[in-house]
2 protein chains.
Amino acid sequence: MDKIWNSYPDLKGELTLVLDLMKKNVKCKDKKIENSIIELIESGGKLLRPAFVLIGSKFGNYDREKSVPTAAVIEMLHMASLVHDDVIDDSKLRRGQETIQSKYGKDYAVYIGDYLFCVCFKILATSSSLQAIKMDSRAMSKICMGEVNQLNSRYSTKLSIKEYLSRISGKTAELFSLSLSLGAAECDAKKNITKTLYNIGHNLGMAFQIIDDILDYEGNDESIKKSAGNDLKQGIYTSPFIYASMNNPKEFKKFIGNDELEDEDIKEIIKKVKENNGVVDARQLAGKYMEKCFKGIDSLPNSEYKEILNDISKWLLLREY
Amino acid sequence: MDKIWNSYPDLKGELTLVLDLMKKNVKCKDKKIENSIIELIESGGKLLRPAFVLIGSKFGNYDREKSVPTAAVIEMLHMASLVHDDVIDDSKLRRGQETIQSKYGKDYAVYIGDYLFCVCFKILATSSSLQAIKMDSRAMSKICMGEVNQLNSRYSTKLSIKEYLSRISGKTAELFSLSLSLGAAECDAKKNITKTLYNIGHNLGMAFQIIDDILDYEGNDESIKKSAGNDLKQGIYTSPFIYASMNNPKEFKKFIGNDELEDEDIKEIIKKVKENNGVVDARQLAGKYMEKCFKGIDSLPNSEYKEILNDISKWLLLREY
């Protein structure tokens with residue numbers, strides 16, 4: 001488990017229960033399938049989303065019997081979408097390990113993702129409420145739509161920050177919002193607190209993703225070629241690129257909509273994005289969401305878990321890797 | 001809508017409501033997505049599964065407000081799994097129309113399938129019970145496992161009827177059982193009737209799939225090359241082939257596990273399957289399930305819908321196309 005959780009032993013203990021519950025629920029006759037999913041569970045994601053569920057729950061009448069299964073469902077929905085994303089992106093590695101699609105084939109990965117979706121709803125139906133299922137399925141629909149939008153907008157020559165924001169809202173922020181608010185709603189937190197947690201999740205998710213996209217342009221040569229380069233080659237344009245190209249359209253014209261970018265082009269693009277204030281402007285955009293996020297946290301009633309949420313948000317938004 | 005429903009105007013009216021509800025629930029901002037799903041809804045599947053839900057409901061305290069959404073969910077789960085199956089099989093056509101994956105690409109089809117799953121659970125959470133969601137997600141897990149088993153057993157040289165039966169049980173019978181029993185359970189039918197309907201669904205589904213596999217060997221040259229040929233080339237062996245190869249192992253040795261079968265081989269296999277009693281033995285197997293199916297129907301309390309279920313089962317199991 002990520003070492004961040006060592007600072008919060010109670011939360012760490014509950015996250016262990018979450019992982020155990022996930023493993024228990026993916027048990028099936030076919031041991032090859034079961035093992036490939038257990039490997040995925042143990043491959044050490046940050047467990048941010050289940051932690052958000054648990055933290056959100058603490059703002060209501062915390063009940064481990066409700067919160068742990070809800071947290072397990074959210075992490076499993078996240079895993080299911082990652083498995084399908086890897087199919088789409090043809091990814092070879094995830095969390096440093098070979099992806100399911102690379103190890104067992106795309107066909108297998110499509111069904112494993114579907115199976116994980118089913119397990120999620122099975123857990124929900126056993127230990128949760130119709131309200132939670134409604135919130136979950138709505139959020140998941142939005143996330144799917146976000147992914148489809150990203151597919152549809154590939155190589156689009158009409159770049160806009162608005163479209164970028166709507167894309168990352170579905171891709172990242174929606175599951176952050178869901179996590180923080182679902183835990184609270186399930187534990188009967190006050191409606192206004194649940195709503196505040198939803199908004200914090202949204203702003204945190206937006207800032208997190210924008211920073212992720214900025215870091216793609218600030219890493220070392222190798223990491224840039226991998227991350228920003230991959231996106232650009234797939235026709236996915238993120239905020240630093242969009243801002244830079246709005247600041248100096250002529251310089252970027254030949255790259256936009258170009259599906260034959262070479263490594264040399266990527267190098268040139270990264271240089272030009274920095275020269276044309278792409279990173280600076282994107283940092284400002286992230287700053288706006290960060291401000292809203294911390295203002296939201298500030299407005300929560302004082303408690304140990306308000307401080308923890310504040311700490312984790314800082315850790316996520318002020319990282320440099 | 002299939003002309004079979006013209007004989008049952010009440011059922012036909014309700015199936016129209018089911019289609020309308022499906023269309024209403026897939027409405028989304030992205031019109032391209034919405035239209036591609038609506039095309040799929042309108043492309044004229046037989047609507048067997050939603051009809052089974054409605055028929056099952058009639059054995060309880062029929063309530064349209066519960067049964068129509070449940071029927072819509074079942075048809076949509078079926079559609080979602082077809083969309084993903086087409087991705088796996090690389091199918092170009094489905095119900096005579098171009099498949100989503102052929103029209104818009106595999107990536108798109110993976111997410112459309114996921115989106116359909118989400119819509120299902122959204123409808124369930126809005127108009128159904130936790131019990132229904134539990135039954136649904138359990139059945140869907142089994143169906144996914146069935147698909148994975150089919151993938152894992154491709155080109156396997158260890159042919160067995162037991163393995164074939166377990167494969168088609170997940171692939172076809174499970175959703176038939178679910179459909180007939182879910183409608184009944186949702187409308188508070190007696191437990192023993194719900195259980196009988198579950199068993200009827202299982203036996204009907206098994207017989208239906210075995211007959212489907214038999215018809216692959218009995219069609220004209222062109223249709224055989226397409227259906228049986230496709231399965232064989234993908235290393236999927238169905239009951240006529242399995243029986244024939246058990247009856248005369250030497251004759252089939254060179255074909256089993258062979259992933260380079262040509263059209264000439266397919267022709268030879270079909271001839272040999274018939275010569276070695278593959279079709280005859282498979283008919284006998286189907287007969288056993290048919291018998292159980294009609295015995296089950298016979299044991300239901302007398303009603304208009306018992307007759308309808310009997311009619312439709314006959315129509316499905318005695319077809320020659």
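So you know, we letter chains A, B, ... as the sequences are listed, proteins then strands, and number each from 1.
- Ranking B:C144, B:A80, B:C118, B:G113 against chain A, the residue ahead of the rest is B:C118, based on heavy-atom pairs under 4.5 Å.
- Among B:V119, B:I33, B:I112, B:L124, the residue with the largest count of heavy-atom pairs under 4.5 Å with chain A is B:I33.
- Contacts between A:D114 and chain B at a heavy-atom distance below 4.5 Å involve backbone atoms as well as side-chain atoms.
- Residue A:K24 places its NZ atom among 12 or fewer non-hydrogen atoms of other residues, nucleotides or ligands, all under 6.0 Å distant.
- Inter-residue side-chain proximity for B:F52 and B:L197 is flagged as unmet; no heavy-atom pair is nearer than 4.5 Å.
- The parts of B:F121 that come within reach of chain A are both its backbone and its side chain, each placing non-hydrogen atoms under 4.5 angstrom from that chain.
- Inter-residue side-chain proximity for B:Q234 and B:D259 is flagged as unmet; no heavy-atom pair is nearer than 4.5 Å.
- Ring planes of B:H84 and A:H84: perpendicular class, angle over 60° (limits at 30 and 60°).
- The number of heavy-atom neighbours closer than 6.0 Å to NZ of A:K191, taken from other residues, nucleotides and ligands shown, is 12 or below.
- Heavy-atom neighbours of B:K106 NZ from other residues, nucleotides or ligands within 6.0 Å: above the threshold of 12.
- In this structure, chain B has heavy atoms under 4.5 Å from both the backbone and the side chain of A:Y111.
- Side chains of B:S129 and B:E186: a donor on one and an acceptor on the other come within 3.5 Å.
- Contact of A:S81 with chain B is not made at all, since no heavy-atom distance falls under 4.5 Å.
- Checked by atom type, the side-chain pair A:S127/A:E65 shows no donor-acceptor distance below 3.5 Å.
- No other option in B:L151, B:D30, B:D85, B:I143 has as many heavy-atom pairs under 4.5 Å with chain A as B:L151.
- No more than 12 heavy-atom neighbours from other residues, nucleotides or ligands sit within 6.0 angstrom of NZ on B:K142.
- Side-chain atoms of A:E39 and A:N35 form no donor-acceptor pair, as typed in the model, at a separation below 3.5 Å.
- Residues of residues 131-140 of chain A that come closer than 4.5 Å to chain B, counting heavy atoms only, are A:I133, A:K134, A:S137, A:R138, A:M140, ordered by residue number.
- Contact residues of residues 153-180 of chain A toward chain B are A:R154 (heavy-atom distance under 4.5 Å).
- Here the closest non-hydrogen pair linking A:M76 and A:L116 is CG-CD2, 4.0 Å.
- With B:K23 as the fixed residue, the salt bridge (charged side-chain N to carboxylate O under 4.0 Å, His left out) test singles out one of B:E75, B:E42, B:E34: B:E42.
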Start with the C-alpha distance between B:K66 and B:D188, add both sets of side-chain angles, then the distance that settles side chain to side chain contact (heavy atoms under 4.5 Å, CB included), and finish with yes or no.
CA-CA 11 Å; B:K66 283 182 186 171; B:D188 302 316; 4.2 Å; yes
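- Looking at A:K32, only its side chain comes within 4.5 Å of chain B, counting heavy atoms on both sides.
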